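Let me begin by presenting the structure, written as structure tokens, before commenting on it.
Ligands are counted one by one from 1 in listed order, and the atoms in each one are counted from 1 as well. On a predicted model such as this, the values are computed, not experimentally measured, just so you know.
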Amino acid sequence: MPEEKRRGVRALAIRLAIVIAIIAIITAAGFRLFQVNATTAGFAYLVAILFISARWGLTEAIVASVAAVLCFNFFFLPPIGTFNIADPQNWIALFFFLATSITASQLASQVKRRALEATAREQEMEKLYALSRSILLIEPSHSVARQLAGQLAQVFGASAVALYDRETGETYRAGPEDFPDSGEAFHQAALEGTLFRNERAHTIVASIRLGAQPIGSLGLRDVALSDSALQGVANLVAIGLERARAQEAASKAEAARQSDELKSTLLDAVAHEFKTPLTSIKAASTALLSGSVPRPEQQHDLIAIVDQEADRLSALVTEAIQMARIEAGRVHLRRDLYPVSELVESVLNKMRSSIDERIVRVRIAPELPPVWVDSELIEVALRQLVDNAFKYSPLDSPVLIGAEPVDGRVVVSVADHGPGIPEQEQTRIFEKFYRAEASRQIPGAGLGLVIAREIIHTHGGEIWVESKVGEGSIFRFSLPVSAGPAPPNGAPTDQGTGHVTEGSFRR
Ligand code: ADP
């Protein structure tokens, strides 16, 4: 016999013993103490039986009725002291006494059962309400089915919960115990909408339906729920799952819309950026072809414009391609060890045409360890910053490129004496297409810093700006270093005015 059943039987035996004791006490009190007549004794028994049935139930009340009839007969109906009844009238009275006490017991226990049922319904409603509230608070960024299973276990105090999602084919579990393996019941409930109650294992498996369509199934262990409450739970779970799916679909649609929007804005910006150098190239080449520029130095100037603008176009194409790669999440790092001086030199070489008239100072800390980077990408990032420093600062002001070791990393900086960036715009300039108020008349697409930031982040570094309006800006980014030794050829510490001398670099 299972422990629980044994405990139930023991409790019933104790209650029956109490019932017999009550009848015995009434009998003793009535017969010996007060010596009441048969009518009074009958009423006293009846009151006790009603009390017993209201307190415990029908079984106890029937036992009390039978015991009361026997005592009534033995002690109060003549001939007293025997179970015989002399007057046939008393037989009828005894029969009616038994019938009355059993009927009253039945009524009282029915009322009690109804009251218990009403309390249970009330508790179920409270739990359903708690579940519906917790479903509203579910965090859509994490697995909703898993959270739902957890909430069910918590709200209903289930020892085990299993939630089978038909769409994903996954079963999510929660609760202190494991749900007994009933994969078949889950699939059948999910497919056919059947309900399984296993009284021995204390489990329920119900289907979760949305409208007429089953979308999964739900298993609960050690939870007493009426069919209607179970239906309510399943409906709430269905709504929770569906809400999560709708949210996911909406965010996917939003992402697709944003991506489409981004593509067209990118295309507009790139097309706009292409137009300026193309117009200059076209004007120069038309003038050269028409023969209207006879003097060689003028021709040279025009060819220089074509060359310069072609460089700009090439940089733009690189930028657009980098942006597209970043957007598509296709940035794969081809890392190696590079001295920072080499990267700076390479960038300045590529920007030769635009730095001719600029003062560029390079200060790289001696003994700086090489950085562990994809040189092509880091050069793109650095170029964006140097390009901005040129673009946004006066021609005759110097631009300083520096690199120093900080906390086991290398921090590269690009400083200018431009107009500076107001504090409230300092984080926004790293957003796609954002351009600071003050610099909107200067051509730009608002993508350079986004590209730089993505490249630096992909390397596990950080990028930030320190700027004061009216004084200038310093853009800095950190890069990982190798544990290896400093570059053997040493790094230049101060390249002075003008551009860096051409050197050999890996490409
Ligand atoms: P773009 O230069 O094409 O506009 P960026 O993403 O490179 O795009 O820069 C975003 C914005 O940040 C610029 O429009 C400008 O307002 C601001 N900015 C960037 N660098 C500097 C700088 N060195 N000095 C002042 N403002 C800058």
Side-chain angles (χ1 to χ4, degrees), residues 262 265-278 309 311-327 331 344 347-348 350-351 354-355 357-363 377-403 411-458 461-477:
L262 175 75
T265 324
L266 189 63
L267 209 62
D268 284 355
V270 169
H272 179 76
E273 283 284 289
F274 269 58
K275 259 199 161 150
T276 326
L278 274 177
E309 295 302 305
D311 276 354
R312 199 165 148 193
L313 275 179
S314 151
L316 266 173
V317 172
T318 316
E319 207 169 277
I321 292 172
Q322 294 297 348
M323 191 67 211
R325 275 177 67 192
I326 287 167
E327 280 298 314
V331 185
V344 173
V347 166
L348 293 179
K350 282 180 194 149
M351 296 179 75
S354 51
I355 60 171
E357 298 153 26
R358 301 297 308 236
I359 307 159
V360 180
R361 295 203 173 101
V362 180
R363 275 202 197 115
L377 288 174
I378 289 299
E379 283 179 22
V380 170
L382 182 58
R383 190 180 167 156
Q384 300 295 349
L385 301 185
V386 178
D387 212 30
N388 280 349
F390 290 164
K391 231 171 34 173
Y392 298 111
S393 68
L395 263 181
D396 56 355
S397 67
V399 167
L400 184 78
I401 303 172
V411 171
V412 180
S413 60
V414 179
D416 65 52
H417 295 284
I421 305 157
E423 214 180 312
Q424 68 276 15
E425 291 191 297
Q426 285 177 14
T427 44
R428 298 215 60 196
I429 55 171
F430 289 95
E431 288 171 12
K432 253 176 240 152
F433 306 120
Y434 187 83
R435 308 202 63 223
E437 284 284 339
S439 51
R440 293 205 181 138
Q441 71 287 357
I442 299 166
L447 287 175
L449 289 179
V450 182
I451 293 172
R453 186 197 60 193
E454 289 304 314
I455 291 172
I456 301 300
H457 282 179
T458 321
E462 288 299 325
I463 182 167
W464 67 99
V465 62
E466 289 152 25
S467 183
K468 257 202 176 137
V469 176
E471 287 184 19
S473 313
I474 309 177
F475 282 85
R476 293 184 204 272
F477 60 85

Region of Y434 that comes within reach of ligand 1 [heavy atoms, distance under 4.0 Å]: backbone
Separation between CZ of F390 and CZ of R383, rounded to the nearest 0.5 Å: 10.0 Å
Taking every non-hydrogen atom, the tightest pair across F430 and V450: O-CG2, 3.6 Å
Approximate separation, where rounding is to 0.5 Å, of S473 OG and Q426 CD: 7.5 Å
4.0 Å heavy-atom contact, F475 with ligand 1: yes
contact_flag G418 ligand 1 heavy-atom lt 4.0 Å: no
Part of L449 with heavy atoms under 4.0 Å of ligand 1, whether side chain, backbone, both or neither: both
pair F477-L385: side-chain heavy atoms closer than 4.5 Å: yes
Contact with ligand 1 for K391, non-hydrogen, under 4.0 angstrom: yes
Nearest heavy-atom neighbours spanning E425 and E437: OE2-N, 3.1 Å
Smallest separation among heavy atoms of S397 and P394, with atom names: OG-O, 2.7 Å
From NE2 (H457) to CD (E462), nearest 0.5 Å: 4.5 Å
Any S473 heavy atom less than 4.0 Å from ligand 1: yes
Part of L447 within contact of ligand 1 (heavy atoms, under 4.0 Å): backbone
Ligand-residue contact atoms, ligand 1 with S439, heavy atoms, under 4.0 Å: 14 (O), 15 (C), 16 (O)
Per-atom contacts of ligand 1 with G448, taking only distances under 4.0 Å to non-hydrogen atoms: 5 (P), 6 (O), 7 (O), 8 (O)
Per-atom contacts, ligand 1 versus G446 - under 4.0 Å to a heavy atom: 1 (P), 3 (O), 4 (O), 6 (O), 8 (O)
